Protein chains: 2
Amino acid sequence: MGKDAGVSVQATATSFAIVEALRTREQAGVTELATELDRSKSAVHNHLSTLETLGYVTSTDGKYRLTHRFLRLGLATRERNPIYAAAKAKLRTLARTTGESVNLVVPEDDHGVYLYRVGNGEHPIEEGGSVALHASAAGKAILAYRGHEAVDDFIDRHGLPALTERTVTDPATLRSQLRSIRDRRVAFDRGEQTEGWQCVASAIVIEDDPIAAISVSGPADRMQGKRLEEDTTGLVVSTAKAIELEVLSD
Amino acid sequence: MGKDAGVSVQATATSFAIVEALRTREQAGVTELATELDRSKSAVHNHLSTLETLGYVTSTDGKYRLTHRFLRLGLATRERNPIYAAAKAKLRTLARTTGESVNLVVPEDDHGVYLYRVGNGEHPIEEGGSVALHASAAGKAILAYRGHEAVDDFIDRHGLPALTERTVTDPATLRSQLRSIRDRRVAFDRGEQTEGWQCVASAIVIEDDPIAAISVSGPADRMQGKRLEEDTTGLVVSTAKAIELEVLSD
DNA sequence: CATGCCGTTCAGCTATGGAGAACAAAGGTT
DNA sequence: AACCTTTGTTCTCCATAGCTGAACGGCATG
């Protein structure tokens, strides 16, 4: 039917392509979007005016931008997840005691999503953004609690693309790391996702299902030695355990 | 072209109708959505599978739900607004000192949007949700700083629909309230939006442009007498002024 | 094993939305 | 001021995208 397998309603694909272009762009005009997305001006105009009457886009003299309708959609999905309410307050205190950025990551399809993030803004990770599961401490913490076949399938589907020089690209190495993560309840990321940034993570596991992971991340020079290995690690693990209990008690 | 003026790309309208249905519903099946939205099963299925390959929807054995892609979209629009960063911390302390719920409302087209909200969860207002400008303290605070013609146009377009028995439905009454709001820098809502809930609001005005309003809301029995008239009012106004200064200093 | 009730697939017809050019409006430049 | 450039908007026409309606297959439940 459609030229691209699975995408049968191409108008929807076009509309969302425009929406995503507007996300990065603050505001944009018709011609600008048309050239970037390689569509005709009239097509882009049609979609924009449709999105405008639907309330997802506003225009002020020729420039279009996204409205806050997406905020309602996005927050609704987040609020729905019980892990969010259970973790929020505890992550705040974890951020305060460690002085570093703290993240809450949940798995979604084959990637992780930053559901919540409280930090000093040094590292430009955006809430709602996604992470590769194999190249982040939180992601590996989640993968560690999935079955062997699930991990194999994951590797088959995506491979282990390198994000930095230190990303784990060898399946055997990854599998051995996952084993030790499960044993010790901690995952580490030493610049595997972003050069110069280290991470400690621990998964939230409910009934053998890793529903989330929390992580503390900071620049390599602050996250090393005894501080990383003992202090931070201990805090992350105990916070993860506390969140597990909170989830179970609701 | 289209049957409904302005909505030329109907496929987009259908896709977003499905998305909005999923927002309220946690998860839903094809048939369920098809009957609710009055479309054919195959049409709904087409849209859902398209949205799924685009990454906005996931399915687990026949049930569909929204993904967190919308979180990225929504938070991007919020983070972009400088008023959010300027107001966030101050609203937290305002909530702590008053003990009531605190809201940040920004105007968008002809309604207000709850951009941020910190509260005790008593009143089920959702972040990202929208308010009628004429039937809320924050909305009236914003309207008060718009020109007379702008207010007239607003009334022409929407009228003054009553949300409760106490909603201001008379244009003359509204205009006189707006005048006093501008004079005193405070707007009140005495059950005009939700029966039994009172509100105090003050606008954030930058260069004669009301870019936002903050409000404190609580049940009528706690928000009355001296406490409302003096204590809370004073705190709201001074916080609004502080936010104005913060915005200007950036 | 039969019977609903799902989600998914299919084929075919028709309305829809895209291409492209013409139009309008707004700035910038000389 | 008159020009030109660049933008958003509108128009018409045609191909095809995407609906309808029905058939298929899987999974429960009786």
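As the structure is a prediction and not an experimental result, all values here were calculated from the model. Lettering follows sequence order; numbering is per chain, from 1.
When rounded to the nearest whole Å, the span between CZ of B/R39 and P of C/dG7 equals 17 Å. The distance from atom NE2 of A/H47 to atom C1' of D/dG8 is 17 Å, rounded to the nearest whole Å. Here C/dG7 presents its C1' atom at 12 Å from CG of B/L33, a figure rounded to the nearest Å. What separates CD of A/E32 from P of D/dT9 is a distance of 14 Å, to the nearest Å. Rounded to a whole Å, the CG atom of A/D38 is 14 Å from the P atom of C/dG18. Nucleotide D/dT7 holds its P atom 14 Å from the CD atom of A/Q27, rounded to whole Å. The nearest whole Å value for the distance from the CG atom in A/N46 to the C1' atom in C/dG20 is 13 Å. Note: CG (A/D61) to P (C/dA25) measures 15 Å, nearest angstrom.
In the set C/dC6, D/dG18, C/dG17, C/dC6 carries the atom at the smallest distance from any side-chain atom of B/T31. Checked against C/dG17, C/dG20, D/dC19, the side chain of A/S42 finds its nearest nucleotide in C/dG20. Comparing C/dT16, D/dC19, C/dG18 by their closest approach to the side chain of B/Q10 singles out C/dT16.
Considering only side-chain N and O atoms, A/Y64 lies nowhere under 4.0 angstrom from the phosphate OP1 or OP2 of D/dT7. Applying the 4.0 Å criterion to OP1 and OP2 of C/dG18, one finds that A/H45 has every side-chain N and O outside that range.
Not less than 6.0 angstrom separates the ring centroid of A/F16 from the ring centroid of A/Y56.
A/E246 and A/K90 are joined by a salt bridge, as a carboxylate oxygen and a charged side-chain nitrogen come within less than 4.0 angstrom of each other. Residues A/E192 and A/K140 are paired through a salt bridge, judged by an N-O separation under 4.0 Å between the basic side chain and the carboxylate.
Atom CG of A/D38 sits in a sparse spot, with 12 or fewer heavy atoms from other residues, nucleotides or ligands closer than 6.0 Å.
Where A/S59 and A/T12 each meet DNA chain D at their nearest nucleotide, the meeting point lying more 5' is that of A/S59. Between A/K41 and A/A11, the residue anchored closer to the 5' end of DNA chain C is A/A11, taking for each the nucleotide with the nearest heavy atom.
Looking only at distances, a side-chain donor or acceptor of A/R78 sits under 3.5 Å from a matching main-chain atom of A/L115.
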